[in-house]
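Working notes, structure below.
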Amino acid sequence: MKNINLLNNKVFMSLSNTANGDVNAATRFYYSQKGKVITAKYEGGLVQIGSIIGQMLSESTFEICYQYLTVTGELRIGQCKTKIELLDNGVIKLVEEWQWLNGDLSTGHSELVEVVLN
């Protein structure tokens with residue numbers, strides 16, 4: 001998998017999340033990538049507004065820190081390691097192992113899939 005700005009201008013939605021996460025099928029992630037640098041904005045569902053900053057670790061993995069406000073006004077902060085998978089149909093899937101950096105400091109697993117507009 002050649003990963004030159006693979007995530008740039010991609011939109012993702014949640015496929016699954018552990019119960020201690022706030023992201024759901026209504027949340028949309030709007031990614032940008034310039035070389036190794038990754039940024040994203042996200043919103044929807046329980047997330048009022050959020051932002052991501054991170055970096056590529058290899059051709060198929062990256063790490064991020066994320067922060068967001070919930071619709072009830074709670075500030076949440078976390079970190080995540082993500083594996084990029086390319087599905088048979090060319091759609092990108094992100095497999096995430098994350099941990100809260102505030103609150104209960106629990107860990108979770110989530111999966112995002114690229115939203116493809118036809």
Side-chain angles (χ1 to χ4, degrees):
M1 175 185 337
K2 196 66 176 159
N3 182 8
I4 301 300
N5 300 329
L6 180 68
L7 302 173
N8 197 45
N9 295 320
K10 301 290 185 182
V11 178
F12 294 91
M13 64 180 283
S14 178
L15 270 181
S16 65
N17 199 1
T18 47
N20 59 332
D22 292 332
V23 166
N24 61 33
T27 312
R28 293 294 179 272
F29 296 79
Y30 302 91
Y31 270 74
S32 296
Q33 181 182 358
K34 292 181 183 173
K36 290 187 172 189
V37 177
I38 297 165
T39 58
K41 301 286 186 193
Y42 59 109
E43 62 187 7
L46 300 174
V47 177
Q48 186 178 157
I49 186 72
S51 64
I52 289 170
I53 187 168
Q55 64 183 349
M56 295 299 300
L57 298 173
S58 73
E59 230 176 61
S60 61
T61 60
F62 62 92
E63 65 182 353
I64 61 169
C65 290
Y66 56 89
Q67 58 188 1
Y68 65 93
L69 282 173
T70 67
V71 292
T72 58
E74 182 182 4
L75 178 63
R76 300 300 318 254
I77 303 165
Q79 63 187 5
C80 181
K81 291 254 171 83
T82 303
K83 181 180 176 202
I84 301 169
E85 295 181 358
L86 206 51
L87 303 179
D88 290 341
N89 59 0
V91 170
I92 300 169
K93 181 173 154 183
L94 304 178
V95 180
E96 304 176 320
E97 301 297 332
W98 50 265
Q99 180 175 14
W100 294 118
L101 296 177
N102 66 348
D104 66 7
L105 305 181
S106 63
T107 60
H109 174 89
S110 55
E111 296 184 359
L112 305 179
V113 67
E114 180 182 1
V115 176
V116 179
L117 305 173
N118 293 333

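V91 meets the side chain to side chain contact (heavy atoms under 4.5 Å, CB included) test with L87, N89, V113, E114, V116; sequence neighbours excluded. Taking R76 as the reference, E74 meet the salt bridge (Lys or Arg N to Asp or Glu O under 4.0 Å) condition, with sequence neighbours excluded. Not counting sequence neighbours, N24 has no partner by the side-chain hydrogen bond (donor to acceptor under 3.5 Å, both in side chains) test. The salt bridge (Lys or Arg N to Asp or Glu O under 4.0 Å) test applied to K83 returns E85, not counting sequence neighbours. The side-chain hydrogen bond (donor to acceptor under 3.5 Å, both in side chains) check on T39 picks up nothing, with sequence neighbours excluded. Every residue meeting the side-chain hydrogen bond (donor to acceptor under 3.5 Å, both in side chains) condition with E111, not counting sequence neighbours, appears here in chain and number order: K93, H109.
Relative ring orientation between W100 and Y68 is described as tilted, the plane-to-plane angle lying within the 30° to 60° band.
Between the side chain of Q55 and the main chain of E63, no donor-acceptor pair closer than 3.5 Å is present. With hydrogens and angles ignored, the 3.5 Å screen pairs no side-chain donor or acceptor of T82 with any backbone N or O of T61. Counting only distance, with no hydrogens or angles, the side chain of N5 and the backbone of G35 share a donor-acceptor pair below 3.5 Å. Proximity of a side-chain donor or acceptor of D22 to a complementary backbone N or O of L46 within less than 3.5 Å is not detected. Counting only distance, with no hydrogens or angles, the side chain of Q48 and the backbone of T70 share a donor-acceptor pair below 3.5 Å.
Between F29 and V47, the closest side-chain pair of non-hydrogen atoms is not below 4.5 Å. Put simply, the side chain of Q33 does not reach to within 4.5 Å of the side chain of K10, judged on heavy atoms.
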Step by step, work out the side chain to side chain contact (heavy atoms under 4.5 Å, CB included) result for I84 and L86.
CA-CA 7 Å; I84 301 169; L86 206 51; 6.0 Å; no
Could you go through the side chain to side chain contact (heavy atoms under 4.5 Å, CB included) check for F12 and V23 one step at a time?
CA-CA 11 Å; F12 294 91; V23 166; over 6 Å; no
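Within a 6.0 Å radius of CD1 in I53, no more than 12 heavy atoms belonging to other residues, nucleotides or ligands are found.
Applying the side chain to side chain contact (heavy atoms under 4.5 Å, CB included) test between F62 and each of K36, M56, K81 identifies M56 as the sole match.
Listed here is the closest heavy atom pair of Y42 and S51: CE2-N, 3.5 Å.
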